[in-house]
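Note sheet for the following structure.
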Amino acid sequence: RDLVRSRGLGDVYKRQISTTSPVLADGITLAPVEILVRDKFANAVSGRHVIFHSSGLDVHLVQPADTTNTQGKAVGGLKSRDVGKATVWAVVDDVEIPSQRVEFIPGPPAKIIPYGDGQAGQKGAILPDPVGLIIQDDYSHFLPNVEVTFTVMSGGGYVSQNKVMSTEFGKAQVYWTLGNTMDQRLIARVAGLEELFVFTATALSPATARLKIVSGDSLIGLVEDAFTKPFVVQLSDIANQAIPNEKIAFRVIDGEGSFL
């Protein structure tokens with residue numbers, strides 16, 4: 001009889017919270033959170049109101065449907081579409097329970113966005129822009145540390161790196177030096193995916209270059225005085241991309257004059 005009376009009068013002394021981690025950050029998968037309440041005799045305490053709280057991440061909290069049951073337990077949960085860590089804790093009878101951390105992680109590679117395709121440049125030169133992939137999961141989270149392999153398939157060129165790990169923003173890119181044939185082809189393969197991503201480029205000969213007047217045409221000045229504006233031209237390929245490091249000579253073909 002004394003034992004039964006003591007179990008009913010025991011003060012709550014143990015409140016324990018537990019959860020599951022990591023959890024997929026899809027906004028659907030629920031990380032269960034369980035609170036366990038016992039008295040000083042280690043007996044389950046039922047009928048206690050439990051409220052969960054969180055911080056550190058935008059999460060959706062699911063509060064317990066009822067008070068603690070005959071086992072002293074109450075179960076809720078949390079879910080999120082954001083990647084990161086959330087802290088969850090409970091309040092039982094105005095007493096805060098020590099917190100737990102829940103990590104929400106992205107899914108596997110699913111969405112791949114290529115960039116830098118279809119460029120043109122001189123034979124034997126590096127393309128002006130890098131080529132690469134942006135790697136995301138099904139929920140548009142950027143995926144870091146995913147290995148991407150780049151392989152030149154035709155054209156005789158090469159890339160700055162054959163294997164690249166994606167950055168925190170999901171980007172894996174290389175610089176492509178073109179070969180000596182016009183049609184250039186490069187493929188990229190993402191680790192864990194069967195799909196190949198193809199990049200093409202056009203390698204141009206210097207003979208296809210064009211010279212464009214930028215400034216200095218139709219100037220008017222005094223005899224034997226230097227023009228105040230310079231003569232400027234731009235050398236570009238048929239794709240209108242600038243061609244650097246080429247020597248350009250200016251000469252007078254009609255009338256008298258000289259260049260400084």
Side-chain angles (χ1 to χ4, degrees), residues 10-40 42-115 132-148 164-173 188 190-195 197:
D11 295 329
V12 172
Y13 90 106
K14 183 178 182 182
R15 305 171 181 88
Q16 179 179 339
I17 187 172
S18 60
T19 186
T20 298
S21 182
V23 181
L24 183 63
D26 59 359
I28 300 173
T29 304
L30 188 72
V33 182
E34 180 181 276
I35 185 77
L36 176 65
V37 182
R38 296 191 181 278
D39 65 16
K40 66 181 180 181
N43 300 310
V45 178
S46 62
R48 299 302 175 106
H49 292 281
V50 177
I51 299 177
F52 290 118
H53 300 269
S54 69
S55 65
L57 201 66
D58 185 14
V59 303
H60 174 71
L61 279 171
V62 178
Q63 299 293 344
D66 207 343
T67 57
T68 54
N69 60 20
T70 56
Q71 295 178 312
K73 295 181 180 180
V75 179
L78 69 163
K79 52 188 175 181
S80 179
R81 284 188 61 90
D82 294 339
V83 172
K85 294 180 180 179
T87 300
V88 59
W89 69 94
V91 174
V92 181
D93 296 339
D94 298 324
V95 177
E96 187 174 305
I97 312 304
S99 62
Q100 289 285 331
R101 301 289 293 276
V102 180
E103 182 179 9
F104 290 90
I105 60 174
K111 296 180 181 179
I112 311 298
I113 305 171
Y115 61 92
L133 305 173
I134 298 175
I135 306 169
Q136 300 176 329
D137 67 5
D138 264 329
Y139 313 100
S140 299
H141 300 125
F142 296 123
L143 299 182
N145 301 316
V146 177
E147 184 179 85
V148 179
V164 180
M165 302 300 290
S166 60
T167 67
E168 62 178 315
F169 301 108
K171 297 182 73 172
Q173 67 180 34
V190 179
L193 297 182
E194 294 185 1
E195 183 179 1
F197 300 90

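- For Ile51, the CD1 atom sits in a loose shell: 12 or fewer heavy atoms of surrounding residues, nucleotides or ligands are nearer than 6.0 Å.
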May I have the step-by-step check of side-chain contact (heavy atoms from CB on, under 4.5 Å) for Ile28 and Tyr139, ending in yes or no? CA-CA 11 Å; Ile28 300 173; Tyr139 313 100; 5.7 Å; no

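- Nearest heavy atoms, Val83 versus Leu57: O-CD1, 3.9 Å.
- Within the structure, ring pair (Phe, Tyr, Trp, His ring centres under 6.0 Å) contacts touching residues 19-40 (residues at least two apart or in different chains) do not occur.
- Remark: side-chain polar atoms of Ser46 are not paired, donor with acceptor, to backbone N or O of Thr68 under 3.5 angstrom.
- In terms of heavy-atom proximity, Leu143 sits nearest to Ser166 at O-OG, 2.7 Å.
- At distances below 3.5 Å, not a single donor-acceptor pair connects side-chain atoms of Thr20 with backbone N or O atoms of Pro32.
- Remark: Pro64 pairs with Val50, Phe52, Ala74 by the side-chain contact (heavy atoms from CB on, under 4.5 Å) rule, at least two apart or across chains.
- The closest donor-acceptor contact from the side chain of Asn69 to the backbone of Gln71 lies under 3.5 Å.
- Partners of Lys73 under the side chain to side chain donor-acceptor pair (under 3.5 Å) rule, at least two apart in sequence or in another chain, do not exist in this structure.
- What you find for Ile105 and Pro22 is that their closest heavy atoms are CG2-CB, 3.8 Å.
- Residues meeting the side-chain contact (heavy atoms from CB on, under 4.5 Å) test with Val75, sequence neighbours left out: Glu34.
- The nearest pair of heavy atoms linking Ile17 to Val88 is CD1-O, 4.1 Å.
- Judged as a ring pair (Phe, Tyr, Trp, His ring centres under 6.0 Å), not a single pair has a partner in residues 68-87 (not counting sequence neighbours).
- The distance from atom CG of Leu30 to atom OG1 of Thr19, rounded to the nearest 0.5 Å, is 8.5 Å.
- Applying the side chain to side chain donor-acceptor pair (under 3.5 Å) criterion to Ser140, with sequence neighbours excluded, gives Lys111.
- Here Gln173 pairs with Tyr115 under the side chain to side chain donor-acceptor pair (under 3.5 Å) rule; sequence neighbours left out.
- In terms of heavy-atom proximity, His141 sits nearest to Ala25 at CE1-O, 2.9 Å.
- Annotation: side-chain contact (heavy atoms from CB on, under 4.5 Å) contacts of Ser99 (sequence neighbours excluded): Thr87, Trp89.
- Looking at residues two or more places apart in sequence or on another chain, you find a side-chain contact (heavy atoms from CB on, under 4.5 Å) between Pro114 and Leu133, Phe197, Phe199.
- The CD1 atom of Ile135 sits 12.0 Å away from atom NZ of Lys171, with the distance rounded to the nearest 0.5 Å.
- We find the CD1-CG distance between Ile112 and Leu193 to be 5.5 Å, quoted to the nearest 0.5 Å.
- With sequence neighbours excluded, the residues forming a side chain to side chain donor-acceptor pair (under 3.5 Å) with Thr29 are Asp26, listed by chain and number.
- Applying the side-chain hydrogen bond (donor to acceptor under 3.5 Å, both in side chains) definition to pairs two or more places apart or across chains, none involves residues 50-67.
- When every heavy atom of Asp82 is checked against every heavy atom of Phe104, the shortest pair comes out as O-CB, 3.4 Å.
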